[in-house]
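Let me begin by presenting the structure, written as structure tokens, before commenting on it.
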Amino acid sequence: QVQVVESGGGLVQAGGSLRLSCAASGRTFSSYSMGWFRQAPGKEREFVAAISWSGGSTLYADSVKGRFTVSRDNAKNTVYLQMINLKPEDTAVYYCAADRGYSGAYAYRSVVYDYWGQGTQVTVSS
């Protein structure tokens with residue numbers, strides 16, 4: 001079983017920035033596509049961003065496009081989510097997930113992911 005652990009969440013003012021990290025175990029990390037999802041209280045989990053195994057292809061939800069950037073460092077078994085110009089509606093628990101295969105345009109679907117972290121809280125104050 002692959003372990004996925006998120007970190008970097010916290011409290012930030014609207015317009016501020018935050019970088020989340022996702023550390024995954026296993027020597028096969030570089031073969032995984034990775035995704036970020038978030039869930040606000042009382043809301044369904046929603047897709048945020050995804051990155052292919054090589055880092056050469058990314059996908060973003062329209063709500064975060066231009067503000068969030070997903071990247072990865074396979075040597076460190078880590079994926080990042082750089083968030084700028086944060087808004088109160090970005091407040092949620094953010095989850096990192098690993099896909100053993102490659103789902104391409106279907107990376108926005110949570111069902112394609114095999115391993116999930118426990119989440120890290122991001123709170124944006126107005």
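- Looking at Leu20 and Glu6, their side chains never come closer than 4.5 Å, going by heavy atoms from C-beta outward.
- A side-chain donor-acceptor contact under 3.5 Å links Arg72 to the backbone of Ser52.
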Please step through side chain to side chain contact (heavy atoms under 4.5 Å, CB included) for the pair Met83 and Val122, ending with a clear verdict.
CA-CA 10 Å; Met83 306 181 292; Val122 172; 4.0 Å; yes
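- Formation of a donor-acceptor pair under 3.5 Å by the Thr120 side chain with backbone atoms of Tyr94 is not found in this model.
- When every heavy atom of Phe29 is checked against every heavy atom of Ala24, the shortest pair comes out as CD1-CB, 3.4 Å.
- Looking at heavy atoms from C-beta onward, Asn77 lies out of side-chain contact with Ser25 at the 4.5 angstrom threshold.
- In this structure the side chain of Arg38 reaches within 4.5 angstrom of the side chain of Val64, judged on heavy atoms.
- Taking hydrophobic clusters as Ile, Leu, Val, Met, Phe, Trp and Tyr residues chained together by side-chain heavy-atom distances below 4.5 Å, Ile51 shares a cluster with Tyr115.
- Separating the CG atom in Asn85 from the OG atom in Ser17 is a distance of 8.0 Å, to the nearest 0.5 Å.
- For Arg67 and Tyr60, the positive end is not near the middle of the six-membered ring at less than 6.0 Å and at most 45° from its axis.
- Taking the side chain as every heavy atom from C-beta outward, Trp36 and Phe68 never approach each other to under 4.5 Å.
- The shortest distance between side-chain heavy atoms of Arg45 and Ser110 falls below 4.5 Å.
- Between Trp116 and Phe37, the ring planes are tilted. Angles from 30° to 60° get that label.
- Within 6.0 Å of the CD atom in Gln121, the count of heavy atoms belonging to other residues, nucleotides or ligands exceeds 12.
- The cluster map of Ile, Leu, Val, Met, Phe, Trp and Tyr, joined by side-chain heavy atoms under 4.5 Å apart, puts Tyr113 and Leu59 in the same cluster.
- Residues Asp99 and Asp114 are in side-chain contact: their nearest non-hydrogen atoms beyond the backbone lie under 4.5 Å apart.
- Taking the charged nitrogens against the carboxylate oxygens, Asp62 and Lys65 do have a contact shorter than 4.0 Å, which makes a salt bridge.
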